[in-house]
Asker: 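The following block contains the structure, expressed as structure tokens.
Everything numeric in this text was worked out from a predicted model, so none of it was measured. For the single chain, residues carry numbers from 1 onward in sequence order. Atoms considered below: every heavy atom in the structure, side chains included; atoms not considered: hydrogens, waters and symmetry mates.
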Amino acid sequence: MWHNDSDMSQKSVLERRFYPKGKVIVKEGDEAYVAFIIQSGIVSVFSEKDGKKVEFSKLKTGDIFGETSLIMSAPRSASVEALEDCNMIVIRRDDFENKLHKSDATIKAVVQMLSRRILNSNAEMLKAKGVNVDSFISLLNQLFRDLLEAMPDSDKDSFRDQAFPVLGDLIKVIEKYRDKL
């Protein structure tokens, strides 16, 4: 693919790369100099927590990954693995920064803000998807208390009598499988 910028003295070709199924394309924590547009194939975006793979998303043709690290000049926030044979278009940091530098200040600010939000969202998702039995039980207890509080007073005793034994049974089952979660 050719592009023409009036500020560039020569034409440049976007680099393309092939990654076979099963290949880790980027690894969490590595320095980032490029982003990728998926030209064909499907990838898994994931992180590892306590030795378990936590998948954030699956991306397909037309999707992009690695853009946050380019914008924020930060290490990779997740790993990406090819789930199928993939062809990628590579976007280099210096090319991206040149285009961003030429953009309106508002656009630059919005891009940086959105990148920070994505990084924060990924961190929160990792915390939430990493199974934490105690947090889940606490959340269940809070949910039942909130439901009880929202009910009309005339129904609270009946709800408590019916729902809390079920909650107790559910918590016992979760505790039974705690070491497998």
Asker: Please report the shortest heavy-atom distance between Phe46 and Ala78, naming the atom on each side.
Answerer: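 Smallest interatomic distance, heavy atoms only, reads O-CB, 3.4 Å.
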
Asker: Taking side chain to side chain contact (heavy atoms under 4.5 Å, CB included) as the definition, give me every residue that meets it alongside Ile37, ordered by chain and number, with sequence neighbours left out.
Answerer: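 Result, side chain to side chain contact (heavy atoms under 4.5 Å, CB included) vs Ile37: Ile64, Ile89, Ile91.
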
Asker: If you take all heavy atoms of Gly66 and Ala35, which pair is closest and at what distance?
Answerer: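 Where Gly66 meets Ala35 most closely, the heavy atoms are C-CB, 3.7 Å.
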
Asker: Just jot down the ring pair (Phe, Tyr, Trp, His ring centres under 6.0 Å) partners of Phe65, sequence neighbours excluded, or say none.
Answerer: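 Testing Phe65 for ring pair (Phe, Tyr, Trp, His ring centres under 6.0 Å), a comparison that skips the adjacent residues, returns Phe36.
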
Asker: Name all residues meeting the salt bridge (Lys or Arg N to Asp or Glu O under 4.0 Å) criterion together with Lys60; count only those two or more places apart in sequence or in a different chain, and write none if there are none.
Answerer: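 With neighbours one apart ignored, the set is empty.
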
Asker: Donor-acceptor pair, Arg16 side chain versus Leu14 backbone, under 3.5 Å?
Answerer: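 Looks like yes, one N/O pair under 3.5 Å.
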
Asker: Sequence neighbours excluded, which residues qualify as salt bridge (Lys or Arg N to Asp or Glu O under 4.0 Å) partners of Asp153?
Answerer: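 Once residues adjacent in sequence are excluded, the partners of Asp153 under the salt bridge (Lys or Arg N to Asp or Glu O under 4.0 Å) criterion are Lys156.
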
Asker: Treating Ile, Leu, Val, Met, Phe, Trp and Tyr as nodes and any side-chain heavy-atom pair under 4.5 angstrom as an edge, say whether Val90 and Tyr19 lie in one connected cluster.
Answerer: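 Yes, same cluster.
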
Asker: Who are the side chain to side chain contact (heavy atoms under 4.5 Å, CB included) partners of Lys21, not counting sequence neighbours?
Answerer: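 For Lys21, the residues satisfying side chain to side chain contact (heavy atoms under 4.5 Å, CB included) (neighbours in sequence not counted) are Asp85.
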
Asker: Run the side-chain hydrogen bond (donor to acceptor under 3.5 Å, both in side chains) test against Ser79 and tell me which residues pass, sequence neighbours left out.
Answerer: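 With sequence neighbours excluded, Ser79 shows a side-chain hydrogen bond (donor to acceptor under 3.5 Å, both in side chains) to no residue whatsoever.
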
Asker: Give the C-alpha distance, both sets of side-chain angles, the deciding distance and a yes or no for side chain to side chain contact (heavy atoms under 4.5 Å, CB included) between Val54 and Glu48.
Answerer: CA-CA 6 Å; Val54 179; Glu48 290 191 29; over 6 Å; no

Asker: If the test is side-chain hydrogen bond (donor to acceptor under 3.5 Å, both in side chains), which one of Glu55, Arg76, Glu28 qualifies with Ser47?
Answerer: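 Only one of Glu55, Arg76, Glu28 forms a side-chain hydrogen bond (donor to acceptor under 3.5 Å, both in side chains) with Ser47, namely Glu28.
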
Asker: Contact between Val34 and Glu15 at the side-chain level, heavy atoms closer than 4.5 Å - yes or no?
Answerer: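 Result no, sub-4.5 Å side-chain heavy-atom pair not found.
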
